[in-house]
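Read through the structure below, which is laid out as structure tokens, and then see the notes.
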Amino acid sequence: MVYFLTYRFEGDTPSGKEQVQRLQLFADHQVPASIIVLSAQEDLDEQVQKAHLRSDQVMSLIDVLRGTDTSEGKPLYTIGDIMKLNDYQTKTVDHHLQFLNGDHLMYAVTAFDDEAELTAQRIHTITFFGDNNRKSYAEVYDRQGNKVKTVYFQADGQLRLAVYFYANGMPLLFCQYDGNGILQHLTVLDLAGQSAEFTDWTSFAKYCLAHVMKQHPRKLLVDQPSRVLPMLGQEMMTDSVPVVRTEDDVSVVKQAEQSNGGRATFGQLIADPQAIFTSSLTQYAKVVPIAAAVSQQSAVPGVKPWAQRLPGRVAMELDNQNLAIFEQLLSTLAMVKVKENQVKLDLFVKHQDQALAQQLLKRIEPLGLSSLLDIQTQSLAESGDLGQVMAFIVADLGNLGDADLLSSLTYGTPVITFAKIADQMLNGATNGELGIVKPSEQVLDAATDILKLLTDQTWWQEVSDHALAAAKPLQGLTGWELWKMVL
């Protein structure tokens with residue numbers, strides 16, 4: 001079982017559509033999954049209905065405590081039931097059916113299924129009015145006819161008190177508001193009569209999540225991390241896997257890492273392999289590259305053919321762990337000429353480590369090879385290089401889910417690797433059959449292999465086509481194999 005924590009659920013937004021698709025993906029593979037909404041979202045029932053989901057697929061914090069009731073066959077209150085009790089006039093205003101006694105508004109009703117015949121519509125809310133047509137209180141019902149809560153209003157219409165109920169009608173939660181309608185105090189009652197007090201919604205949310213994880217321990221994945229992570233305690237945050245979709249999400253992940261005393265907060269992060277920030281996340285945790293659109297393959301824009309590439313241009317991203325091969329690589333590239341011009345290496349240092357960049361310059365200047373390099377100040381993902389260079393050099397093939405390696409293959413850009421483990425990992429398919437070329441370990445032969453890739457258009461196109469084909473099963477664009485890496 002998997003819980004996706006989100007701050008708010010709206011099924012018709014891009015993030016909401018992704019969440020709905022993901023629930024279907026998990027259901028197709030018989031893995032139970034539910035979304036838990038951490039905010040006090042008033043229109044959650046309507047959003048769940050619009051998305052054609054069940055109440056146990058998208059739950060509020062109240063649902064987490066009270067349990068969801070998906071039973072059928074129970075007598076349900078309808079608008080027709082109210083009409084039988086009185087002969088008030090009715091009119092519809094903004095999806096509310098108003099009942100009036102002359103000029104006096106008695107109550108207003110909203111229904112779940114407003115496309116049904118009027119008298120058959122199931123009641124969602126009934127708002128009662130007092131003197132001068134002021135709201136007095138409102139009752140809210142779920143789809144099964146259970147009263148979920150009663151809300152009481154102040155004279156100016158601001159909230160005064162909200163009482164939530166268990167399915168058996170016993171009080172579950174009291175929410176008290178100040179004179180400005182701002183939440184001030186929460187009291188939870190369990191069925192045994194024990195109580196817990198809170199002064200803010202975030203503390204209440206942590207209590208609810210701790211309760212559900214104790215009762216039903218499951219994998220926690222965090223949608224909308226920029227809003228959700230600040231609501232989690234450190235222990236629960238460490239056990240979660242954030243789904244990073246925006247720059248705000250990235251900022252909160254970084255803050256969480258920095259506030260954890262240098263210890264890793266997250267074991268895994270999920271990010272779209274095409275997002276410009278994805279490669280920067282690898283310094284914090286293993287990144288599983290799952291695209292936002294989980295139910296279909298999305299076309300990668302601008303897969304450039306040979307003629308539109310930068311001739312003689314290759315790219316590489318380097319960190320301290322891969323310095324050993326760097327001088328060997330440069331010596332090899334120094335022998336490669338394309339149309340009388342020296343091959344040029346766009347070098348990206350991981351995490352834009354300028355100290356490492358300066359160190360590299362000092363090491364290669366005595367070798368007279370600095371002219372081969374363009375050391376970049378931006379990140380590889382931000383540069384767009386993977387879509388326009390002739391090849392991408394990878395020092396380590398240890399992580400086939402690496403976002404930059406995956407992006408290179410997705411753009412049809414051949415990958416060159418010097419890793420000795422490549423033969424074993426690729427089952428000998430190192431001559432471009434998977435979009436990956438492993439040159440000889442001998443410098444002269446390696447230079448010949450690279451020269452052929454950069455000058456033989458027919459072979460380059462074959463390797464590029466193989467790269468595109470190899471990317472498909474690795475992409476998170478069809479989803480399930482990569483989701484299993486997380487679960």
Side-chain angles (χ1 to χ4, degrees), residues 1-29 31-64 68 70 95 110 112-115 124 140 142-143 148 201 205 208-209 212 218-232 240-253 269-275 277-278 288-298 475-480 482-483 486-487:
M1 181 69 180
V2 178
Y3 288 130
F4 288 95
L5 306 183
T6 191
Y7 187 77
R8 183 174 173 82
F9 174 77
E10 295 175 286
D12 56 355
T13 63
S15 62
K17 291 177 181 177
E18 177 187 355
Q19 290 168 331
V20 172
Q21 291 174 336
R22 189 194 304 149
L23 286 176
Q24 185 59 56
L25 178 70
F26 277 56
D28 289 344
H29 291 86
V31 176
S34 296
I35 296 170
I36 297 178
V37 178
L38 300 192
S39 66
Q41 183 176 339
E42 292 295 331
D43 66 341
L44 182 57
D45 283 328
E46 290 89 339
Q47 292 293 338
V48 172
Q49 183 184 17
K50 286 179 183 178
H52 305 290
L53 297 174
R54 302 187 312 272
S55 57
D56 60 334
Q57 290 179 295
V58 183
M59 300 185 293
S60 68
L61 290 174
I62 309 302
D63 295 329
V64 165
T68 55
T70 58
H95 301 288
T110 64
F112 280 113
D113 32 13
D114 54 10
E115 294 182 2
H124 180 33
V140 181
D142 64 18
R143 290 187 181 87
V148 175
W201 189 266
C208 293
L209 291 175
V212 73
R218 292 165 186 175
K219 189 79 175 181
L220 283 182
L221 293 101
V222 177
D223 284 317
Q224 302 170 357
S226 61
R227 303 296 301 272
V228 172
L229 287 180
M231 300 181 72
L232 305 182
S240 69
V241 180
V243 182
V244 181
R245 296 303 191 211
T246 68
E247 293 286 359
D248 287 340
D249 293 341
V250 175
S251 296
V252 171
V253 167
L269 299 169
I270 294 169
D272 194 317
Q274 300 302 327
F277 51 72
T278 297
V288 182
I290 301 178
V294 298
S295 66
Q296 58 186 7
Q297 291 193 357
S298 62
Q475 289 171 325
L477 309 179
T478 52
W480 186 243
L482 284 171
W483 276 113
V486 180
L487 304 181

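These numbers were taken from a predicted model, which means no experiment stands behind them.
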| query | Taking Thr110 for the side chain and His124 for the main chain, is one N or O donor matched with an acceptor at less than 3.5 Å? | reply | no
| message | Can a donor-acceptor pair be found, under 3.5 Å and without considering hydrogens, that links the side chain of Thr278 to the backbone of Asp272? | response | yes
| request: To the nearest 0.5 angstrom, please state how far the CZ atom of Arg218 sits from the OH atom of Tyr3. | output: 3.5 Å
| task | For the pair Ile290 and Val243, evaluate side-chain contact (heavy atoms from CB on, under 4.5 Å) and give the outcome as yes or no after the intermediate values. | result | CA-CA 9 Å; Ile290 301 178; Val243 182; over 6 Å; no
| request: Grab the two heavy atoms, one from Phe277 and one from Glu247, that are nearest each other, plus how far apart they are. | output: CD2-OE2, 3.7 Å
| field | Charged N-O contact under 4.0 Å between Glu18 and Arg22 | value | yes
| query | Considering all heavy atoms of both residues, which atom of Pro230 and which atom of Val252 are nearest to each other, and what is their separation? | reply | CD-CG1, 4.3 Å
| Atom pair CD (Glu46) and CD (Gln41), whose distance is rounded to the nearest 0.5 Å | 9.0 Å
| Taking the side chain as C-beta and beyond, is there a heavy-atom pair between Gln224 and Ser15 under 4.5 Å? | yes
| Where do Leu232 and Leu5 land on the side-chain contact (heavy atoms from CB on, under 4.5 Å) test, with the steps shown first? | CA-CA 10 Å; Leu232 305 182; Leu5 306 183; 4.0 Å; yes
| request: Determine, step by step, whether Ser60 and Asp63 satisfy the side chain to side chain donor-acceptor pair (under 3.5 Å) criterion, reporting the C-alpha distance in whole Å, the side-chain angles of both residues, the deciding distance to 0.1 Å, and the verdict. | output: CA-CA 5 Å; Ser60 68; Asp63 295 329; 3.2 Å; yes
| request: For side-chain contact (heavy atoms from CB on, under 4.5 Å), just list the numbers for Arg227 and Arg8, CA-CA rounded to whole Å, side-chain angles, deciding distance to a tenth of an Å, and then say yes or no. | output: CA-CA 9 Å; Arg227 303 296 301 272; Arg8 183 174 173 82; over 6 Å; no
| task | Measure the shortest side-chain to side-chain distance between Asp249 and Pro242 over non-hydrogen atoms and say whether it is less than 4.5 angstrom. | result | no
| Can you name the one residue among Ile35, Leu221, Ile36, Val58 that meets side-chain contact (heavy atoms from CB on, under 4.5 Å) with Thr6? | Ile35
| field | Note, Ser240 side chain near Leu229 side chain (heavy atom, < 4.5 Å) | value | yes
| message | Minimum heavy-atom separation for Val222 and Pro225, please, with both atom names. | response | O-CG, 3.7 Å
| query | Heavy atoms, side chains only, cut-off 4.5 Å: are Gln19 and Leu23 in contact? | reply | no
| query | For the side chain of Ser34 and the backbone of Asp56, is there at least one donor-acceptor N/O pair under 3.5 Å apart? | reply | yes
| query | Considering only heavy atoms from C-beta outward, does the side chain of Leu53 approach that of Gln24 to under 4.5 Å? | reply | no
| For Phe26, ring pair (Phe, Tyr, Trp, His ring centres under 6.0 Å) partners two or more places apart | Phe4, Trp480, Trp483
| Where is the tightest heavy-atom contact between Cys208 and Val64, given as atom of each residue plus distance? | O-CG1, 3.8 Å
| Going from CE on Met59 to CG on Leu38, what distance comes out if it is rounded to the nearest 0.5 angstrom? | 11.0 Å
| query | Where is the tightest heavy-atom contact between Met231 and Trp201, given as atom of each residue plus distance? | reply | CE-CD1, 4.1 Å
